[in-house]
Colleague: 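What follows is a structure written as C-alpha cells; I'll ask about it next.
Naming convention: chains lettered A, B, ... in sequence-line order (proteins, then strands); numbering from 1 in each chain.
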There are 2 protein chains.
Amino acid sequence: MDTRRVRPNLSLIAARLDVSVATVSNALSGKGRVSPELALKIRSAANDLGYVPTMAGRALRTGRSHVLGLVLPDIANPLFPQIAQAIERAAAEAGYGVLIADSRNEVSTQTEAIGRLLERGVDGIVIVPRRGTRVADIGSPVAVIDSPSTPGNTVSADHWQGGQAVIEHLVALGHRKIVLVGNNPASNVQNDRIGGMKSRLPPGTEARVIWAEKIEAAQGPGAPLGLAALAREGFTACAAVSDLLALRALTELLGAGVAVPEGMSVTGFDDLIWAQAVRPALTTIRMDMPAIATVAVGALTAAIEGGSSGARGPVMAPSPEAGRVPMRLIIRDSSAPPGPAIKTNTANRSSNGGIPE
Amino acid sequence: MDTRRVRPNLSLIAARLDVSVATVSNALSGKGRVSPELALKIRSAANDLGYVPTMAGRALRTGRSHVLGLVLPDIANPLFPQIAQAIERAAAEAGYGVLIADSRNEVSTQTEAIGRLLERGVDGIVIVPRRGTRVADIGSPVAVIDSPSTPGNTVSADHWQGGQAVIEHLVALGHRKIVLVGNNPASNVQNDRIGGMKSRLPPGTEARVIWAEKIEAAQGPGAPLGLAALAREGFTACAAVSDLLALRALTELLGAGVAVPEGMSVTGFDDLIWAQAVRPALTTIRMDMPAIATVAVGALTAAIEGGSSGARGPVMAPSPEAGRVPMRLIIRDSSAPPGPAIKTNTANRSSNGGIPE
DNA sequence: AACGATTGGTTAATCGTTTAATCACCCCCT
DNA sequence: AGGGGGTGATTAAACGATTAACCAATCGTT
C-alpha cells in the first residue's frame with residue numbers, strides 16, 4: 001500500500017466521472033448550473049477521493065489567498081497567547097489561516113514584517129501596533145487593535161470602562177485611599193485604564209498614581225515600588241494597569257510583611273495565566289478577546305470580500321459600540337474590604353525567615 | 001497619483017524590456033542562460049518597478065508554498081511567545097512564513113489543526129505535541145519539539161540536564177533538604193526535569209517530590225501545596241519544574257510568612273516573563289529557544305528541499321547532540337544559602353496585616 | 001410547428017511563475 | 001566551406017482552480 005497517495009485534483013474527479021473539470025468545480029462550489037443528481041455524484045466522488053482544493057491554484061486565479069497576517073509588537077508580550085488564539089479561531093471560522101509576524105518592538109521591523117506578509121499574499125492584516133506608530137495605507141485592509149482613544153483603531157477592549165470597573169469594585173469594598181500603578185505614561189492603553197480609574201473616584205477618596213518606569217529611571221532597574229511605605233501612609237488598595245505590575249506589587253508587599261488582601265488589596269489587568277496561580281489569586285479584569293477577534297476579523301473579511309470598494313488601509317468596526325468591547329471584572333482573593341485583619345498572618349514568622357530553631 | 005499601483009509581474013518587466021518572461025524569470029533566479037548585461041538590466045528594472053514574485057504562482061508551479069505550520073498544544077501556554085517568536089525568526093531567515101494553529105489541548109483538534117495546515121499547503125510542520133500524542137506519517141515533514149526522551153522527538157531542550165543544573169546550584173549553595181515540585185507526572189518534560197534533579201542529589205541530601213495535580217485532585221482545586229509546613233520540617237529549598245509552579249510556591253511561602261530566599265529558596269523553569277517581575281526575582285533556567293528553533297526549522301527545510309527522498313513524517317536533527325539543546329541557569333534573588341536569616345522580614349508585620357494602628 | 005427561453009453541460013482562457021525543449025546565431029576547427 | 005559546440009534567448013507547456021462564453025438539448029408558448 002502506497003502511503004503517499006497523490007493529492008487528487010479537479011481533473012482526477014472529472015476523469016473518474018467522465019465530465020469536465022468546469023462541471024466539477026461548479027458542482028463543488030454550487031455556482032454554475034449542474035443537475036442536482038450529477039452534483040450529488042460529484043460531491044460524493046470528491047469525498048471518496050478525499051479531495052481538498054489546492055489553495056495555490058485557487059489563490060492564483062481568484063487573487064485571494066484566504067490568509068490573514070497577524071503582527072504583534074512586543075518581543076515577548078504575555079498577552080500573545082490570548083490574542084493569537086482568539087484571532088486564529090475567529091479566522092479559522094471565517095475560512096482564513098493566520099500568518100504570524102513579530103515586529104520585535106521596532107518600527108522598522110514592523111514595516112518590514114508587514115512587507116513580508118504582503119509579499120506572501122495575505123488578504124488582510126490584523127495588527128497590534130507598536131506604541132506610537134500609526135498604520136497608513138499599505139495597499140491592503142488592516143484591522144488595528146490598540147485602544148479606543150487611538151486614532152484609526154478598529155476594535156479593542158474598553159480600557160477606560162475596565163478602569164472604572166476596578167475602582168467601583170474597590171470603592172464598594174470600602175477603600176478610600178487607593179494607589180494607581182502604571183508602567184509607562186506614553187501608552188494609550190495604560191492611560192485609558194488610569195483615566196477610567198480616576199473618573200470613578202467618588203468625593204472623599206484619595207488616589208495616588210505611580211509610574212514604574214519613572215521610578216526605575218530614577219532609582220535604577222528593579223527598584224522597589226515603595227508600596228509598603230504607602231500602606232503605612234494609610235493606602236489600603238493598589239490597582240495596577242497590568243497583571244505583571246500587580247504581581248510585582250503583590251510579591252513586594254508580601255515580602256515586606258504586608259498581608260494581601262488584609263493589609264492591602266491588589267488588582268491587576270488582563271487576567272494572564274499567572275493571575276490564578278499566585279496566592280492569593282489575583283482579582284483582575286479581562287478583555288473579551290474572542291469578541292475583539294471576531295470584530296477585527298469580521299471587519300477585515302468584510303473589507304476583503306467587499307471587493308474593489310474595500311479599504312486599502314485601516315478598516316473600522318461596523319459600529320462605534322462594536323469597536324469598544326467591554327471588559328469583565330474577575331474577583332478572586334486579592335481584593336477584600338480594608339481594615340482590621342480578617343486572618344492573621346504572623347504565625348510561623350520569626351527573624352530567621354519563619355523556620356523554628 | 002493613483003496609490004493602488006498594480007502589482008508588477010514578470011510579463012510587465014518583460015514587456016518593458018522587450019524580452020520574454022522566461023528570460024526575466026531566469027535572470028532573477030539566476031538559473032537559465034542570460035547574458036550578464038541583460039541580467040543586470042532586468043534586475044534593475046525589477047527593482048525600479050518594485051517587483052515581488054507572487055507566491056501563488058510560484059507555489060502552483062513548484063508545489064512549494066514556502067510556508068511552515070506551527071501547532072501548539074496548550075490553550076494558553078505561556079511559553080508560546082518564546083516559541084512562536086523563535087520559530088518565526090528562524091523560518092523567516094530560511095525564507096519561510098509561519099502559519100499558526102492551535103490544538104486547544106485536544107487530540108481531535110490537534111489532528112484537525114494539522115489537517116487545516118496541510119490543506120493550506122504548508123511545506124512542513126513544527127509541532128509541540130499534546131501530552132501523550134505521537135505524530136505519525138501525515139504526508140508532510142514534521143519537526144517535533146517535546147523532550148529528548150520522547151520517541152520521534154526532533155529537537156528540544158535538554159530538560160534532564162536542566163534539572164541537574166538546578167540541583168547543582170542549590171547543593172553548591174549548601175542545601176541538603178530539597179522539595180521537588182511537579183505538576184503532572186504524565187508529562188515527559190516534567191519527568192525529565194525531575195529525573196535530572198534526582199540524578200544529581202549527592203549522598204546525604206534528601207529530596208521529596210510533590211505533584212500539584214495530585215494534591216488538587218485530593219484536596220480540591222487551588223489547594224495549598226503545604227510548603228510552609230515542609231519548611232518547618234527543615235526543607236530549605238524548593239525546585240519547581242515550571243515558573244508557574246515556582247510562582248505559586250513563592251507566593252504561598254511569602255503569604256505564610258516564610259521569607260524567600262532566607263527561609264526557603266525557590267527556583268523555577270523556563271524563565272517566563274514574570275520571573276524577573278516578582279520580588280525576589282526568580283532564579284530559573286531557560287531553554288535556548290533560538291537554537292531549538294534553528295535546528296527544527298533546519299531539519300524541516302532540509303527534508304523539504306531534499307525533494308522526493310524527504311521524510312513524510314517526523315524528521316530528525318542532524319545529530320543526537322543537536323537534538324538536545326542545553327539549558328542555561330539564570331541566577332537571580334530567589335535562591336541563596338540556607339540557614340539563619342540574612343535579613344529580617346518581620347518589620348511592619350502585625351496582626352492587622354502590617355498596618356500600624 | 002416554429003421560435004424563444006431555460007436547463008445542463010462543455011470549451012477555453014486566465015491567474016503568475018517555472019522549466020524543458022527548441023531555435024538562431026556566432027565561433028572555431030578541420 | 002561545412003559541421004560541431006557553445007551561447008543567449010524564445011516558445012510553449014505545465015501547475016490547479018475559476019469563470020465567461022458558448023453550445024446542444026429540451027420545454028413551453030402562441
Side-chain angles (χ1 to χ4, degrees), chain A residues 5-43 45-46 49-67 95 118-123 305 307-308, chain B residues 5-43 45-46 49-67 95 118-123 305 307-308:
Chain A
R5 50 213 164 185
V6 33
R7 228 175 141 165
N9 54 15
L10 286 187
S11 39
L12 211 208
I13 304 179
R16 279 276 235 269
L17 294 167
D18 203 43
V19 295
S20 72
V21 289
T23 302
V24 178
S25 174
N26 283 333
L28 295 178
S29 67
K31 281 195 172 167
R33 290 184 301 204
V34 187
S35 70
E37 312 87 62
L38 182 52
L40 206 65
K41 272 206 298 192
I42 291 179
R43 269 193 284 271
L49 291 163
Y51 169 74
V52 181
T54 306
M55 286 304 173
R58 174 178 297 175
L60 181 56
R61 175 64 223 239
T62 63
R64 304 253 133 97
S65 61
H66 276 255
V67 170
L118 256 21
E119 288 180 20
R120 287 223 134 68
V122 298
D123 293 338
E305 279 144 31
S308 57
Chain B
R5 46 202 171 196
V6 28
R7 229 177 139 162
N9 54 15
L10 286 186
S11 40
L12 210 208
I13 304 179
R16 278 278 234 270
L17 293 166
D18 203 43
V19 295
S20 73
V21 289
T23 302
V24 178
S25 174
N26 284 332
L28 295 178
S29 68
K31 280 193 172 169
R33 289 185 303 204
V34 186
S35 70
E37 312 86 62
L38 182 52
L40 206 66
K41 271 205 299 194
I42 291 179
R43 268 193 286 270
L49 291 164
Y51 170 75
V52 181
T54 305
M55 286 303 172
R58 173 177 297 178
L60 182 55
R61 174 65 221 239
T62 63
R64 304 253 135 95
S65 61
H66 276 255
V67 169
L118 255 22
E119 287 180 20
R120 288 223 133 68
V122 297
D123 293 337
E305 278 145 31
S308 56

Colleague: Give the B/S/- string for nucleotides 5-14 of chain C, one per nucleotide from 5' to 3', where a protein heavy atom under 4.0 Å of the base yields B, of only the sugar-phosphate yields S, and otherwise -.
Modeller: --BBBBB-BB

Colleague: Measure from CZ on A:Arg64 to P on C:dG16 and round the result to the nearest Å.
Modeller: 14 Å

Colleague: Please state how far atom CZ in A:Arg7 lies from atom C1' in D:dG16, giving the value in whole angstrom units.
Modeller: 10 Å

Colleague: For B:Ser25, report the nucleic acid contact type (base, sugar-phosphate, nothing); a contact means any heavy atom under 4.0 Å.
Modeller: base

Colleague: Between B:Leu49 (CG) and C:dG16 (C1'), how many Å, whole number?
Modeller: 15 Å

Colleague: How long is the gap from CG on A:Leu118 to CZ on B:Arg7, to the nearest 0.5 Å?
Modeller: 7.0 Å

Colleague: Send over the distance from A:Arg58 CZ to D:dT19 C1', rounded to a whole Å.
Modeller: 13 Å

Colleague: Run the side chain to side chain donor-acceptor pair (under 3.5 Å) test against B:Ser11 and tell me which residues pass, sequence neighbours left out.
Modeller: B:Asn9

Colleague: Checking side-chain contact (heavy atoms from CB on, under 4.5 Å) for the pair A:Leu28/A:Leu10: CA distance, chi angles, key distance, verdict?
Modeller: CA-CA 10 Å; A:Leu28 295 178; A:Leu10 286 187; 4.0 Å; yes

Colleague: Over how many whole Å does the gap from B:Leu60 atom CG to C:dT18 atom P extend?
Modeller: 11 Å

Colleague: Figure out the CG/P separation between B:Leu10 and C:dT17, and round it to whole Å.
Modeller: 4 Å

Colleague: How many Å lie between CG on B:Asn9 and P on C:dT17, as a whole number?
Modeller: 5 Å

Colleague: List in chain and number order the residues that pass side chain to side chain donor-acceptor pair (under 3.5 Å) with A:Asn26, two or more places apart in sequence or in another chain; answer none if no residue qualifies.
Modeller: none

Colleague: Could I get the full list of side chain to side chain donor-acceptor pair (under 3.5 Å) partners for B:Thr54, not counting sequence neighbours?
Modeller: none

Colleague: Only counting residues at least two apart or in another chain, list the ones meeting side-chain contact (heavy atoms from CB on, under 4.5 Å) with A:Arg120.
Modeller: A:Leu99, B:Met55, B:His66, B:Val67

Colleague: Bend angle of the helix from C:dA1-D:dT30 to C:dT30-D:dA1 from five-pair axes at both ends, rounded to 10°?
Modeller: 60°

Colleague: For residues 34-43 of chain B, run the donor-acceptor check on the side chains, cut-off 3.5 Å, and write out each pair with its distance to 0.1 Å, sequence neighbours left out.
Modeller:
unit_1: B:Ser35; atom_1: OG; unit_2: B:Leu38; atom_2: N; d: 3.3
unit_1: B:Arg43; atom_1: NH1; unit_2: B:Ala27; atom_2: O; d: 2.9

Colleague: Heavy atoms only: give me the nearest A:Ser65-A:Gly121 pair and the separation to one decimal.
Modeller: OG-O, 2.6 Å

Colleague: Compile the donor-acceptor pairs under 3.5 Å between side chains in residues 14-24 of chain B and protein atoms, sequence neighbours left out, one pair per line.
Modeller:
unit_1: B:Ser20; atom_1: OG; unit_2: B:Thr23; atom_2: N; d: 3.2
unit_1: B:Ser20; atom_1: OG; unit_2: B:Thr23; atom_2: OG1; d: 3.0

Colleague: Check this one for me: any side-chain N or O of B:Lys31 less than 4.0 Å away from OP1 or OP2 of C:dT18?
Modeller: no

